[in-house]
Amino acid sequence: MANVESFDLDHTKVSAPYVRLAGVKRTPRGDAISKYDLRLLQPNAGAIDPAAIHTLEHLLAGYLRDHLTDVVDVSPMGCRTGMYMAVIGEPNEEGVLTAFEAALRDVEAHERPIPGVSELECGNYRDHDLDQARTHARDALAQGLKVQPTILIER
């Protein structure tokens with residue numbers, strides 16, 4: 001089985017909420033694709049409800065693109081403690097942190113309908129919770145986001 005970067009991260013030594021550069025891949029043409037760990041909750045100390053993380057996915061997919069160019073994808077982590085974001089190029093972590101903070105402020109203030117929530121647009125359109133998504137955004141901002149270095153498991 002191929003090695004998975006996140007399985008080498010020492011989840012007991014990180015401190016959420018944070019932004020962390022999880023890795024950079026090169027395409028055959030030499031273009032960089034950077035993956036960021038956008039962690040909202042401390043690993044193994046809680047999890048975002050599925051409906052709330054689904055709503056965060058929908059909102060951050062748009063709001064992060066409003067504040068950062070060349071976003072390829074924003075996806076929830078299976079552990080439900082945050083999101084992964086793939087970006088073309090190699091934006092610095094401070095710039096990603098600034099964009100993530102701005103996007104979370106947008107989520108916190110979001111009062112309109114959630115985008116992409118219909119049977120035509122979403123595979124589970126009934127499973128959303130805007131109030132909880134806004135609460136998670138507010139809580140992460142209140143705690144203060146930071147850049148988290150990668151701390152590898154000592155094996």
Should I151 and L97 be regarded as members of a common hydrophobic cluster, given that ILVMFWY residues are connected when their side-chain heavy atoms come within less than 4.5 Å of each other, either directly or indirectly?
no
For the residue pair L41 and G46, what are the closest heavy atoms and their distance?
CD1-C, 3.9 Å
Are L64 and I33 in one and the same hydrophobic cluster, where Ile, Leu, Val, Met, Phe, Trp and Tyr link if side-chain heavy atoms are under 4.5 Å apart?
no
Rounded to the nearest 0.5 Å, what's the gap from NE2 on H58 to CD on E121? Could you check?
8.5 Å
Working to the nearest 0.5 Å, report the span between CG of L145 and CZ of F100.
5.5 Å
If you define the side chain from C-beta out and look only at heavy atoms, does anything of T150 sit under 4.5 Å from L152?
yes
Which distance, rounded to the nearest 0.5 Å, do you find between the CD of Q143 and the CD of Q42?
9.0 Å
Side chains of D106 and H67: donor-acceptor distance under 3.5 Å anywhere?
yes
Quick one, R134 and E111 - any side-chain contact, counting heavy atoms below 4.5 Å?
yes
CZ of R155: more than 12 outside heavy atoms within 6.0 angstrom?
yes
Can you find a pair of side-chain heavy atoms, one from L60 and one from V107, that are under 4.5 Å apart?
yes
Minimum-distance pair of heavy atoms, taken over all atoms of Y63 and R112
OH-NH2, 3.2 Å
Least distance between heavy atoms, V96 atom then L68 atom
CG2-CD2, 4.2 Å
Indicate the atoms forming the closest heavy-atom contact of L21 with E93, along with that distance.
N-OE2, 2.9 Å
Nearest 0.5 Å please: distance from the OG atom of S34 over to the NZ atom of K25.
11.5 Å
Hey, quick one: are Y36 and V147 part of the same hydrophobic cluster, counting side-chain heavy atoms closer than 4.5 Å, chains of contacts allowed?
yes
Do any side-chain atoms of residues 80-88 form donor-acceptor pairs under 3.5 angstrom with protein atoms, and if so which ones, sequence neighbours left out?
unit_1	atom_1	unit_2	atom_2	d
R80	NE	I48	O	2.7
T81	OG1	R39	NH1	2.8

Connected hydrophobic set around V4, excluding itself, where side chains approach under 4.5 Å:
F7
Looking only at heavy atoms, the pair that brings V117 and H128 closest together is CG2-NE2, 3.6 Å
Kindly compute the distance separating OG1 (T12) from CG (N44), expressed to the nearest 0.5 Å.
9.0 Å
Could you see if L59 belongs to whatever hydrophobic cluster contains L104? Use Ile, Leu, Val, Met, Phe, Trp, Tyr and a side-chain cutoff under 4.5 Å.
yes
Kindly write out the residues that satisfy side chain to side chain donor-acceptor pair (under 3.5 Å) with R26, not counting sequence neighbours, or none if the list is empty.
E90
Quick one, H136 and L56 - any side-chain contact, counting heavy atoms below 4.5 Å?
yes
To the nearest 0.5 Å, tell me how far S75 OG sits from L38 CG.
10.5 Å
Given the rule in the salt bridge (charged side-chain N to carboxylate O under 4.0 Å, His left out) test, do E5 and R20 qualify, once you have shown the distances and angles that lead to the verdict?
CA-CA 12 Å; E5 179 274 338; R20 180 182 70 87; 2.7 Å; yes
Heavy-atom side-chain contact between L9 and D37 under 4.5 Å:
yes
Shortest non-hydrogen separation from G116 to C122 and the atoms involved:
O-CB, 3.2 Å
Connected via hydrophobic side-chain network under 4.5 Å: M77 and V71
no
Less than 4.0 Å between a side-chain N and a carboxylate O, is that true for D70 and R65?
no
